[in-house]
Amino acid sequence: MATNITWHPSLSRHERNQLRGQRGFTIWLTGLSASGKSTVATALEQHLLHLGLSAYRLDGDNVRFGLNKDLGFSEKDRNENIRRIAEVAKLFADSSTIAITSFISPYRADRQIARELHSQATANGDDSIPFIEVFVDVPLEVAEQRDPKGLYKKARAGEIKDFTGISAPYEEPIDPEMRIRTHESSVEECVAQITDWLSARGLLPPTQKAS
């Protein structure tokens, strides 16, 4: 635990939102490997950027090339992986950017910690940062049939230990803000479901609503 540190306040989040013309928040996509999280997150990021909004995608694999390259896949390392990402997403959202995360994040407790980090971000009298949990819900057999990286095959052969859905648990969200099914809807339809939900709750500027 760091000591002898002091929090230095800056602009309030409300002031930043007003200056940038949008509100920052986090869209947290969770689901099995090969459920379609990254595909939907990429399309959503592109869609929001084309609307003129500031958005940034944090991908499970990508962050392990840098920020989290020191972490493995044990339960302890998975916990720390999600904690760090939650902190980074919170910073993006605090800057009035829409943070889009696509991580398996298999444990409910870790996702709850991520949610609480956003709910507790109330410095300078600001409201909490919206945290939208999106469960990318596909059956295990569908994800395993897709298997674009061949990870399920390796896990079944015992070549990968602690693989979510095979040798490690995935704890489904109990009450997510949204549930999308990529085996029943196209990527475009999934993006529309998310943006329609955001627009209906006033999280997107009125002139930026999805068509």
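Atoms considered below: every heavy atom in the structure, side chains included; atoms not considered: hydrogens, waters and symmetry mates. For reference, positions follow the sequence shown, starting with 1.
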Tell me which pairs pass salt bridge (Lys or Arg N to Asp or Glu O under 4.0 Å) where either residue lies in [range], with sequence neighbours left out.
range            : result
residues 25-36   : none
residues 28-46   : Glu45-Arg57
residues 93-114  : Arg13-Asp94, Arg16-Asp94, Arg111-Glu133
residues 174-186 : Arg115-Glu177, Asp137-Arg179, Asp137-Arg181

* Fellow cluster residues of Phe73, listed by chain then number, with links counted only when side-chain atoms sit under 4.5 Å apart -> none
* Linking Ile, Leu, Val, Met, Phe, Trp and Tyr by side-chain heavy atoms under 4.5 Å, what else ends up with Leu91? -> none
* Distance only, no hydrogens: is a donor on one side chain within 3.5 Å (strictly under) of an acceptor on the other, for Glu116 and Gln112? -> yes
Hphob cluster co-occupancy, [X] + [Y], side-chain heavy atoms under 4.5 angstrom:
X      : Y      : answer
Leu29  : Ile82  : no
Tyr170 : Ile166 : yes
Ile180 : Leu204 : yes
Leu53  : Ile194 : yes

* From CD1 (Ile98) to CG (Leu48), nearest 0.5 Å -> 4.5 Å
Any side-chain heavy-atom pair of [X] and [Y] under 4.5 Å:
X      : Y      : result
Leu58  : Asn62  : no
Val134 : Val40  : no
Ile132 : Arg201 : no

Check: [X] side chain, [Y] main-chain N or O, donor-acceptor pair, under 3.5 Å:
X      : Y      : result
His47  : Ala43  : no
Ser95  : Phe92  : yes
Asn81  : Asp77  : no
Arg84  : Leu67  : yes
Ser185 : Thr182 : no

* Asked: Charged N to carboxylate O under 4.0 angstrom, Arg83 versus Glu80?
  -> yes
* With sequence neighbours excluded, what pairs up with Gln18 under the side chain to side chain donor-acceptor pair (under 3.5 Å) test? -> none
* Asked: What residues form a side-chain contact (heavy atoms from CB on, under 4.5 Å) with Ser54, not counting sequence neighbours?
  -> Arg20, Gln22, Thr97
* Asked: Considering residues at least two apart in sequence or located in another chain, which fulfil the side-chain contact (heavy atoms from CB on, under 4.5 Å) criterion with Glu188?
  -> Ser186
Smallest separation among heavy atoms of [X] and [Y], with atom names:
X      : Y      : value
Leu140 : Gly165 : CD2-O, 3.5 Å
Phe25  : Pro130 : CB-O, 3.4 Å
Asp147 : Ala34  : N-CB, 4.1 Å
Asn17  : Gly24  : OD1-N, 3.7 Å

* To do: Give a yes or no on this: more than 12 heavy atoms of other residues, nucleotides or ligands lie within 6.0 Å of atom CZ of Phe163.
  => yes
* Is there a side chain to side chain contact (heavy atoms under 4.5 Å, CB included) between Lys90 and Thr26 once you walk through the steps? -> CA-CA 7 Å; Lys90 182 185 73 173; Thr26 292; 5.8 Å; no
Mind listing the side-chain donor-acceptor pairs of residues 150-162 below 3.5 Å, one per line with the distance, residues two or more places apart or on another chain?
unit_1, atom_1, unit_2, atom_2, d
Tyr152, OH, Ser33, O, 2.7
Arg156, NE, Glu144, OE2, 2.8
Arg156, NH2, Glu144, OE1, 3.0

* Can you pull the ring pair (Phe, Tyr, Trp, His ring centres under 6.0 Å) pairs that have at least one residue in residues 174-200, sequence neighbours excluded? -> none
Donor-acceptor contacts under 3.5 Å from residues 99-107 side chains, at least two apart:
unit_1, atom_1, unit_2, atom_2, d
Ser102, OG, Asp59, OD1, 3.2
Ser105, OG, Trp28, NE1, 3.1
Ser105, OG, Thr30, OG1, 3.2
Ser105, OG, Phe103, O, 3.1

